[in-house]
Amino acid sequence: MDLTLLGQQAQASARKLALLDTKEKNRLLGAMAQALVTATPEILAANEKDLAQAVANGISETMQDRLRLTKERIAEMAAGIKEVVDLPDPIGEVEKMWKNEDGLLIGRQKVPLGVIGIIYESRPNVTTDAASLCFKTGNAVILRGGKEAFASNQVLVEILQQALIKEGFTPHVIQFVTDTSHEVATEMMRLTEYLDVLIPRGGAGLIKRVKETATVPVIETGTGNNHVYIDKDAQLDMAAAIVDNAKTQRPSVCNAMETLLIHEAVAAEFLPVIAKKLAQHQVELHGDERACQYVPEALPATEADWSTEYLDYILAIKVVDSLEEAIAHINRYNTKHSEAIVTDNYFASQKFLQEVDAAAVYVNASTRFTDGFVFGFGAEIGISTQKLHARGPMGLEELTSTKYIIYGEGQIRS
């Protein structure tokens with residue numbers, strides 16, 4: 001696999017892409033969205049190969065769900081690209097302009113990052129989300145997906161490239177690494193001559209490896225060890241609905257809940273009810289000593305449970321004596337992704353919002369809403385859990401940099 005060639009092609013195509021106006025970029029994105037819909041049978045056939053291999057390799061049902069494509073999911077991927085078309089183009093926007101003491105007119109303008117590398121795991125929709133967001137912001141992208149979704153990712157990239165070729169534009173703005181070996185991944189992490197930024201999207205192991213190995217600047221998209229805290233002043237019917245949704249609607253994704261914290265004052269009433277509700281989905285419960293008193297069928301929780309992102313029908317439960325204890329637990333064990341409190345107490349909600357350290361903090365809502373599409377970004381590159389450059393769902397704005405543009409009238413510095 002010649003990553004140098006991919007890098008050279010990406011740099012050259014990024015310069016061409018940067019010259020396109022918004023109308024032309026949107027036209028090409030529309031062609032890519034339509035190409036996905038037209039090629040649905042071809043995409044499903046490739047995805048069936050990946051699913052068959054996943055079954056043969058003993059991959060869990062919930063992880064197969066991350067991998068699985070359907071006609072509806074492909075339609076959603078195309079709709080995501082169309083959403084990106086409808087969003088304002090940040091490139092070229094001058095954020096502000098001012099005149100300094102020397103009479104220079106100084107402006108700060110948004111520009112593309114350049115060439116973005118993305119290393120990700122088993123969700124094929126990342127391919128189209130990343131490609132469309134990068135394209136709209138004038139960035140070339142080199143995609144390296146996991147072996148679990150290799151056939152799906154490869155055919156998706158080929159379809160997008162073919163759409164660009166048909167419209168008379170270079171396909172090298174979207175490229176795919178066809179070697180899934182660790183050696184090539186490591187080489188990509190160190191492709192400093194061609195990559196301006198590297199974005200890993202996947203499990204804790206992948207993100208840790210990229211952080212420790214990469215010499216290319218990294219935007220970290222984190223894992224989701226997320227909590228829902230049920231306060232003593234919560235509406236328990238609302239709490240039950242939120243917990244059920246946050247855990248069971250799609251447990252294999254990073255914005256699902258992994259730990260339930262509950263105030264002692266309502267634990268006796270709430271825990272048997274929610275345990276019965278979760279049992280309908282065969283959720284395995286791991287409880288601390290007090291939680292197990294109220295839910296005898298729960299397994300005793302270990303220290304590891306508090307820091308585990310299960311991505312499965314498993315939930316850890318801890319009973320706490322106060323809001324302060326809940327916040328302290330969250331800030332110790334969370335991955336700074338998404339956290340929620342259920343309460344009717346305004347002061348408790350404000351304390352939670354201010355003191356919990358996470359990219360998204362909710363009052364009386366499920367953590368499952370942390371998503372670029374839901375937030376109105378059209379699609380997302382990932383959920384950034386770091387604090388430099390970007391935090392939370394990353395859409396168009398987060399894939400830009402800035403440069404200063406300065407107008408003078410012959411000034412020289414004395």
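Here, residue 1 is the first one in the sequence, and each next residue gets the next number.
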For Thr367 and Ser338, does a side-chain donor sit closer than 3.5 Å to a side-chain acceptor? no
Nearest atoms (heavy-atom pairs only) where Ala149 meets Leu67: CB-CD1, 3.5 Å
Okay, side chain of Asn245, backbone of Ser366: is any donor-acceptor separation there less than 3.5 Å? no
Between Glu309 and Thr223 (side chain of the first, backbone of the second, donor and acceptor by atom type, cut-off under 3.5 Å), is there such a pair? no
With side-chain hydrogen bond (donor to acceptor under 3.5 Å, both in side chains) as the test, would you mind laying out the steps for Tyr120 and Thr127 before giving the verdict? CA-CA 9 Å; Tyr120 56 108; Thr127 300; 2.6 Å; yes
Please answer whether the main-chain N or O of Ile314 pairs with a side-chain N or O of Lys247 as donor and acceptor at a distance below 3.5 Å. yes
Does Asp129 pair with Lys136 as a salt bridge, N-O distance under 4.0 Å? no
Carefully, step by step, assess Val177 and Leu6 under the rule side-chain contact (heavy atoms from CB on, under 4.5 Å). CA-CA 8 Å; Val177 178; Leu6 293 188; 4.0 Å; yes
If we count only N and O atoms by modelled type, under 3.5 Å, do the side chains of Tyr229 and Asp231 hold a donor and an acceptor together? yes
Shortest non-hydrogen separation from Leu3 to Leu191 and the atoms involved: O-CD2, 3.9 Å
Shortest non-hydrogen separation from Leu396 to Thr137 and the atoms involved: O-CG2, 3.4 Å
Near Asp2 CG, under 6.0 Å, is it more than 12 heavy atoms from other residues, nucleotides or ligands? yes
Of all heavy-atom pairs linking Ile207 and Gly202, the shortest is CD1-O, 3.3 Å
N/O donor-acceptor pair under 3.5 Å between Asp357 side chain and Lys336 backbone: no
I would like to know whether Val55 and Gln64 meet side-chain contact (heavy atoms from CB on, under 4.5 Å); could you show each step before the answer? CA-CA 8 Å; Val55 172; Gln64 288 178 43; 3.7 Å; yes
Side chains of Glu95 and Gln109: any donor to acceptor distance under 3.5 Å? no
Can you confirm if the aromatic rings of Phe150 and Phe176 lie within a centre distance of less than 6.0 Å? yes
Atom NE2 of His227 and atom CD1 of Ile341: how far apart are they, to the nearest 0.5 Å? 13.5 Å
Measure the shortest side-chain to side-chain distance between Lys351 and Ile327 over non-hydrogen atoms and say whether it is less than 4.5 angstrom. yes
Minimum heavy-atom distance Gly382-Thr221, with the two atoms named: CA-CG2, 4.0 Å
In sequence, state the C-alpha distance, the side-chain angles, and the governing distance for Glu264 and Lys232, and then conclude on salt bridge (charged side-chain N to carboxylate O under 4.0 Å, His left out). CA-CA 8 Å; Glu264 169 64 35; Lys232 63 183 177 62; over 6 Å; no
Distance col, row Thr215:OG1 vs Leu198:CG, nearest 0.5 angstrom, shows 9.0 Å
Taking Gln161 for its side chain and Ile174 for its backbone only, find out whether a donor-acceptor pair lies under 3.5 Å. yes
Shortest non-hydrogen contact from Tyr404 to Trp98? CE2-CH2, 3.8 Å
Would a 4.5 Å heavy-atom cut-off, applied to side chains only, mark Leu36 and Met32 as touching? no
Does any N or O in the side chain of Asp196 come within less than 3.5 Å of the main-chain N or O of Val115, such that one atom is a donor and the other an acceptor? yes
Would you call Arg27 and Glu24 a salt bridge, using N to O less than 4.0 angstrom? yes
Got a donor-acceptor contact below 3.5 angstrom from the Asn331 side chain to the Glu355 backbone? yes
Among His286, Glu325, Arg290, whose side chain to side chain contact (heavy atoms under 4.5 Å, CB included) with Lys318 holds? Glu325
Nearest-0.5 Å distance, OG of residue Ser132 to CD of residue Glu83: 10.5 Å
What distance separates Thr4 OG1 from Glu187 CD, expressed to the nearest 0.5 Å? 6.0 Å
Has the side chain of Ser401 got a donor or acceptor atom that lies under 3.5 Å from a matching backbone atom of Pro112? no
Side-chain donor or acceptor of Asn47 paired with backbone N/O of Ser152 under 3.5 Å: no
Side-chain heavy-atom pair Val218, Val197 within 4.5 angstrom cut-off: no
Rounded to the nearest 0.5 Å, how far apart are CD of Glu297 and CD of Glu284? 11.5 Å
Between Glu258 and Tyr333, do the side chains contain an N or O donor and an N or O acceptor separated by less than 3.5 Å? no
Answer yes or no: is there a donor N or O on one side and an acceptor on the other, between the side chain of His263 and the main chain of Ala265, under 3.5 Å? yes
Quick one, Leu315 with Ile317, criterion side-chain contact (heavy atoms from CB on, under 4.5 Å). Give me CA distance, side-chain angles, the key distance, then yes/no. CA-CA 7 Å; Leu315 177 67; Ile317 305 174; 4.2 Å; yes
Would you say CD of Gln8 has more than 12 non-hydrogen atoms from neighbouring residues, nucleotides or ligands within 6.0 angstrom? yes
Intermediate values then yes/no, salt bridge (charged side-chain N to carboxylate O under 4.0 Å, His left out), Lys110 and Asp89: CA-CA 10 Å; Lys110 290 184 180 176; Asp89 184 354; over 6 Å; no
So Arg368 and Val253, do their side chains get closer than 4.5 Å, heavy atoms only? yes
Ring-plane angle category for Trp306 and His329, please: parallel below 30°, perpendicular beyond 60°, tilted otherwise. perpendicular
Side-chain contact test, heavy atoms from C-beta onward, threshold under 4.5 Å: evaluate it for Ile383 versus Cys254 and give yes or no. yes
Would Glu398 and Arg391 pass as an ion pair if we require N to O under 4.0 Å? no
Counting heavy atoms not belonging to Glu193, are there more than 12 under 6.0 Å from its CD? no
Distance-only donor-acceptor check, side chains Thr343 and Asn345, under 3.5 Å: no
Using a strict threshold of under 4.0 Å (side-chain N to carboxylate O), is an ion pair present between Glu93 and Lys403? no
Does some side-chain heavy atom of Tyr346 sit less than 4.5 Å from a side-chain heavy atom of Gln350? yes
Could you check Lys208, Arg209, Lys211 and say which one makes a salt bridge (charged side-chain N to carboxylate O under 4.0 Å, His left out) with Glu220? Lys211
Donor + acceptor pair across side chains of Tyr310, Asn225 (<3.5 Å): no
Could you go through the side-chain contact (heavy atoms from CB on, under 4.5 Å) check for Lys25 and Phe135 one step at a time? CA-CA 7 Å; Lys25 286 191 288 188; Phe135 191 89; 4.1 Å; yes
Can you measure from CG (Leu143) to CE (Met188) and round to the nearest 0.5 angstrom? 7.5 Å
One pair to check against side-chain hydrogen bond (donor to acceptor under 3.5 Å, both in side chains): Ser13 and Gln9. What are the steps and the verdict? CA-CA 6 Å; Ser13 65; Gln9 291 174 161; over 6 Å; no
Just wondering, do Gln53 and Asn57 contact through their side chains at under 4.5 Å, heavy atoms? yes
